[in-house]
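A quick write-up on the structure given underneath.
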Amino acid sequence: MQKIRWGILGPGNIARKFSDGLQLLPQAKIQAVASSNPQRAASFAQDFKVPNIHESYESLANDPEVDIIYVATTHNFHEEHALICINAGKNVLVEKPLATNLMQVDRIMNAAKEKGVFLMEAMWTRFIPAWVEIRKWIADGLIGEIKYLRADFGFFGKWDPLNRKYNPELAGGALLDIGIYPIALAYMLFGEEPSRVETMARLAKTGVDEQSIYLFEYENGAIAELSSCFTGETGREALILGTKGQIRVPMFWKAQEAFLDIHGGESRHSKFELASFGLQYQAIYIMEALLAEKKETEWMPWAETRRIMKRMDSLRASWGMKYPWEV
C-alpha cells in the first residue's frame, strides 16, 4: 500500500481532530507539522508521533517527504498559506472556507491550475457515511423531487471582540464559520443557483454577522430556509421535503442518523457511527484522487467552492459587511 504523507499547517484544535481521524487510515501518514508557535508544533509532533517539525510554513511547503498539506489556520490566512504550499508544488486541502471572498478563491485556484496540483476545500460533511447514504436515497427517487429544505446551525458564542468568531481581522462572523454548512447543503441538494434570494443579518459591534438568515427560491418553486448564529443553540437539523416523502437529519453537519419517511409507505431510521470526529472521511477520497492523479474531487469540485463563495460574497454585500482587506 502506497502511503500518502500529510503535512499539517497550523496544528490547532481542528487540525488535531483531523489528525485523530488520519491515524485511523492505514494509507495515511502524518509526516510533518509547522506552526507559528514552535511549542505548539513540538507538542503536536509528540502527541501524533510526527517525525518532521518545521519552524516556518515555507519550510513545510518545501519538505520533499510531504505529499499533501492540510491548511488549518484561521480564515484570514487561508489564501496566504494555501499559496505558500501551492507555489512550492504541494497538493493542498484547505479548511473551509477556502478563502474569505471570491477574488481570493480565484487566486488560489489559478495558482493550483498553473502548478498542476490537487486542491480541495475541506467541506468534510459531504463525505461522512450518513450523507453518502442520504444522497443515494435521493438519487434513487425515494422522496421524489425536493421542494423544501430547512437547515440551521447556531450555538452560543460568548462575546469577545478579539475571538476569531467576532474579530473582523480574523474574518469572523457566523456566515463564513458555520453558515457555510447549510448553504453548502442547499447547493449539494438542489445542484443549481437559486432564482431569488432574500437575506437578513444582525451585525455585532465589531461589524461581523452574529445572526443571519438566507432564503433561496428555485425555478421549480422549491425553497431553502437557512440560518446561522452565535446568539444561541439551535436544533442544527436538516429537513428535506420531497413530493414522495421526507428526510430528517439531526445534527446534519456531523450526521450520525437519518429518518426517512415515504408518504403512505416505508419509514426508516438509519444510524451511521462516526469513527473519531469524522474529518478523516474526506481524506479517503482525497488520497484516492491523488493516486489517480486527479486535481479535484467529484463531491467538492472547484466549481462548487466558487459558487458557494460567490453567494456568500453577495450575502455580505447586501448587509454592507466588509473585511478590513476588502475595498
Can you give the donor-acceptor pairs under 3.5 Å from side chains of residues 220-227 to other protein atoms, not counting sequence neighbours?
| residue | atom | partner | partner atom | Å |
| --- | --- | --- | --- | --- |
| Asn220 | OD1 | Ala222 | N | 2.9 |
| Asn220 | ND2 | Glu145 | OE2 | 2.7 |
| Glu225 | OE1 | Tyr148 | OH | 2.6 |

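- Using a cutoff of 4.0 Å between basic side-chain nitrogens and carboxylate oxygens, Lys17 and Asp20 are not scored as salt-bridged.
- We find that Asp63 and Arg5 are not joined by a salt bridge, their nearest charged nitrogen and carboxylate oxygen being 4.0 Å or further apart.
- Salt-bridge check for Glu193 with Lys310: failed, with every basic side-chain N at 4.0 Å or more from each acidic carboxylate O.
- A salt bridge does not link Lys136 with Glu133: every distance from a Lys NZ or Arg NE/NH1/NH2 to an Asp or Glu carboxylate oxygen is 4.0 Å or more.
- The closest side-chain donor-acceptor pair between Arg311 and Tyr214, if any, does not fall under 3.5 angstrom.
- A ring-ring contact (aromatic ring centres under 6.0 Å, His included) with Phe230 holds for exactly one of Trp159, Phe153, Phe155; it is Phe155.
- With hydrogens and angles disregarded, a donor-acceptor distance shorter than 3.5 Å links the side chain of His78 to the backbone of Thr73.
- Checked by atom type and distance alone, the side chain of Asp140 never pairs as donor or acceptor with a backbone atom of Leu142 at under 3.5 Å.
- Salt bridge annotation for Arg164-Asp177: present, with a cationic side-chain nitrogen under 4.0 angstrom from a carboxylate oxygen.
- For the ring-ring contact (aromatic ring centres under 6.0 Å, His included) test with Tyr285, the passing option among Trp124, Phe118, Phe127 is Phe127; the others fail.
- Atoms OH and CG, on Tyr166 and Asp209 in that order, are 10.0 Å from each other to the nearest 0.5 Å.
- Glu79 contributes atom CD, which lies 4.0 Å from atom CZ of Arg107 (distance to the nearest 0.5 angstrom).
- Looking at Glu273 and Lys271, no side-chain N of the basic residue comes within less than 4.0 Å of a carboxylate O on the acidic one, giving no salt bridge.
- Looking only at atom types and distance, the side chain of Asn37 has no donor-acceptor partner in the side chain of Ser35 under 3.5 Å away.
- Distance check: Ile134 CD1 to Arg248 CZ gives 11.5 Å after rounding to the nearest 0.5 Å.
- Below 30°, between 30° and 60°, or above 60°: for Phe190 and Tyr218 the angle between ring planes is below 30°, a parallel geometry.
- There is a side-chain donor-acceptor pair under 3.5 Å between His269 and Glu257.
- No side-chain donor-acceptor contact under 3.5 Å links Asn52 to the backbone of Ala32.
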ask   = Can you list the steps and then say if Trp131 with Thr125 is a side chain to side chain donor-acceptor pair (under 3.5 Å)?
value = CA-CA 7 Å; Trp131 282 107; Thr125 295; 5.9 Å; no
